[in-house]
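This one's a predicted model, so the numbers in the text were calculated from it and none came from an experiment. Chain letters run A, B, ... following the sequence lines, proteins first, then strands; residues in each count from 1.
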Amino acid sequence: MPELPEVEVTRLSFADRIAGATIAQVRLGKPLRWPLGCEPAALQGRVVQRVDRRGKYLLLELDRGLLLLHLGMSGSLRFAERMPQAGPHDHLDIATSRGVLRLHDPRRFGAVVYAADRQAPAAQKLLGRLGVEPLAPEFDAAALYDGLRRRQASIKQILLAGELVVGVGNIYACEALFLAGIRPTARAASLGRRRVLRLHAAIRQVLEQAVARGGSTLRDFANAHGEAGSFQQGAMVYGRAGQPCRVCGSPIRLLRQGQRSSYFCPTCQKY
DNA sequence: CACGGATCCTGATGGC
DNA sequence: TGCCATCAGGATCCGT
C-alpha cells in the first residue's frame with residue numbers, strides 16, 4: 001500500500017495529536033516482519049516527542065529511544081481517542097495519554113522496531129543504506145545522474161531499490177517515469193543528463209502532488225483518521241493497462257519487471 | 001559486487 | 001457456490 005506520500009500523509013494526520021503523549025501500554029498481535037526488539041512493558045511511561053519520517057519509515061521519537069514503524073504492503077495506522085475493539089489484523093496498539101495509535105496490517109509485511117537511538121544497530125540496519133529524501137533540498141539532479149550512470153539495471157528497478165532516492169514505490173515510479181518520458185525498462189546508465197534532470201523534477205512533482213491529494217487509495221489506504229486519498233484518480237499510467245494515454249491516446253501497456261507491474265505509454269516514453 | 005528471482009502473508013478477484 | 005490461480009502499494013535474502 002504505502003509509498004512515501006501515503007506514509008507522509010499518515011504522519012501529518014496524527015503527529016500533532018500524539019506529540020507530548022505518555023505511553024500507557026503497548027499491545028502486540030501476531031508477529032510482524034521483525035521482532036520489536038524490547039519488552040513492550042519497557043515502553044510504558046515514555047513520552048512521544050514527535051513523529052518523523054525517513055523514506056517509508058515513520059519514526060516515533062521518544063524521550064528515550066525511538067520506534068521505527070513500517071507499513072509494508074498492507075499496513076495502515078489509525079489514531080483514536082479511545083481503544084477500539086481489536087480485529088484479527090490489528091497487530092500493534094500504543095495506548096497513550098492522548099489516544100491510541102493502532103497498526104492494522106493483514107499481510108504483516110510491516111514492522112515495529114525499537115532502537116535506543118538512530119545510530120543504534122537496530123536503527124542503522126533499517127535506515128543505514130537509504131538514499132536521499134526526494135522532497136528535501138539534498139535531492140540533487142547532478143548527484144542522481146552520477147548515481148545512475150554506473151547502474152546496469154533498468155531505471156525502474158533502481159528507483160524501487162531506494163539506494164539513490166527513497167520513497168518511490170511501484171505506483172510513483174510508474175508515474176514519474178511517464179512524466180519524464182522514460183520507459184521503465186530503459187537502462188539507468190543510458191540516461192543522459194537532460195533526461196535525468198527531467199526525471200528528478202518528475203519524481204518531486206509526482207510525490208508532492210500525491211501528498212497534496214492525500215495519497216493513493218487503491219484498495220484501503222486512509223490516513224490516521226480514516227480519510228481516503230485521491231491521487232490514484234489522476235494517475236496517468238498506473239493501473240490503466242489498455243486504456244488510452246491521457247496525453248496521446250495510445251493504449252497503456254503493462255509488463256512485468258522483478259515481480260512488479262510496470263505501466264507505460266509506448267508512444268510518450270522512450271528508451 | 002550487482003543483478004534477478006524467490007520469499008514472507010492474507011485477501012480480493014476472475015475464470016471455470 | 002466452490003475451487004484454483006493470479007495478483008497486490010515492500011524489502012530482504014540468496015544464488016549466479
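Rounded to a whole Å, the CG atom of A/Asn170 is 8 Å from the P atom of C/dA8. Atom-to-atom, CG of A/Leu148 to C1' of B/dA2 comes out at 15 Å; the value is rounded to the nearest Å. Between the CG atom of A/Leu254 and the P atom of C/dC7 there is a distance of 9 Å, given to the nearest Å. One atom, CG of A/Leu159, and another, P of C/dA11, lie 13 Å apart when rounded to the nearest Å. Per the geometry, CE belonging to A/Met73 stands 14 Å off P belonging to C/dT12, to the nearest Å. The nearest whole Å value for the distance from the CG atom in A/Leu69 to the P atom in C/dA11 is 14 Å. Rounding to whole angstrom units, CD of residue A/Glu163 and C1' of B/dA2 are separated by 9 Å. Following rounding to the nearest Å, A/Leu71 (CG) and C/dG9 (C1') show an atom-to-atom distance of 10 Å.
Taking atom C1' in both C/dT12 and B/dG11, the straight-line distance is 23 Å, to the nearest Å. Spacing between B/dA12 and C/dA11 at atom C1', rounded to whole Å, works out to 23 Å. For the P atom pair drawn from B/dT7 and C/dA5, the interatomic distance equals 16 Å after rounding to whole Å.
At a threshold of 4.0 angstrom between heavy atoms, the contacts of A/Tyr172 with the nucleic acid are absent.
Distances shown here put a side-chain N or O of A/His70 below 4.0 Å from the OP1 or OP2 atom of C/dA11.
Ring geometry for A/His89 against A/His104 counts as perpendicular: the plane angle is over 60°, on a 0 to 90° scale with 30° as the lower cut.
Under 4.0 Å is where a charged nitrogen must lie from a carboxylate oxygen, and between A/Lys56 and A/Glu8 no such pair does. Salt bridge present: A/Arg17 and A/Glu81 bring a charged side-chain N and a carboxylate O closer than 4.0 Å.
Sorted by first and then second residue, the side-chain hydrogen bond (donor to acceptor under 3.5 Å, both in side chains) pairs involving residues 23-52 of chain A (not counting sequence neighbours) are A/Arg27-A/Asp93, A/Arg46-A/Tyr114, A/Arg50-A/Asp52, A/Asp52-A/Arg118.
Across all strands shown, C/dG10 is found opposite B/dC8 as a Watson-Crick or G-U wobble partner, with both distances under 3.5 Å. Applying the Watson-Crick and G-U wobble criteria (two distances, each under 3.5 Å), C/dT16 pairs with B/dA2.
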- Tell me, with the steps shown, if A/Tyr263 and A/Gln243 meet side chain to side chain donor-acceptor pair (under 3.5 Å). CA-CA 11 Å; A/Tyr263 300 86; A/Gln243 298 176 48; over 6 Å; no

- Criterion side chain to side chain donor-acceptor pair (under 3.5 Å) on A/Ser74 and A/Asp105, from CA distance to verdict: CA-CA 5 Å; A/Ser74 59; A/Asp105 186 5; 2.5 Å; yes

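The hydrophobic clustering, which links ILVMFWY residues whose side-chain heavy atoms are closer than 4.5 Å, places A/Leu60 and A/Leu28 together.
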- What string of B, S and - do you get for nucleotides 3-9 of chain B 5' to 3' if you count protein non-hydrogen atoms under 4.0 Å? SSSS-BB

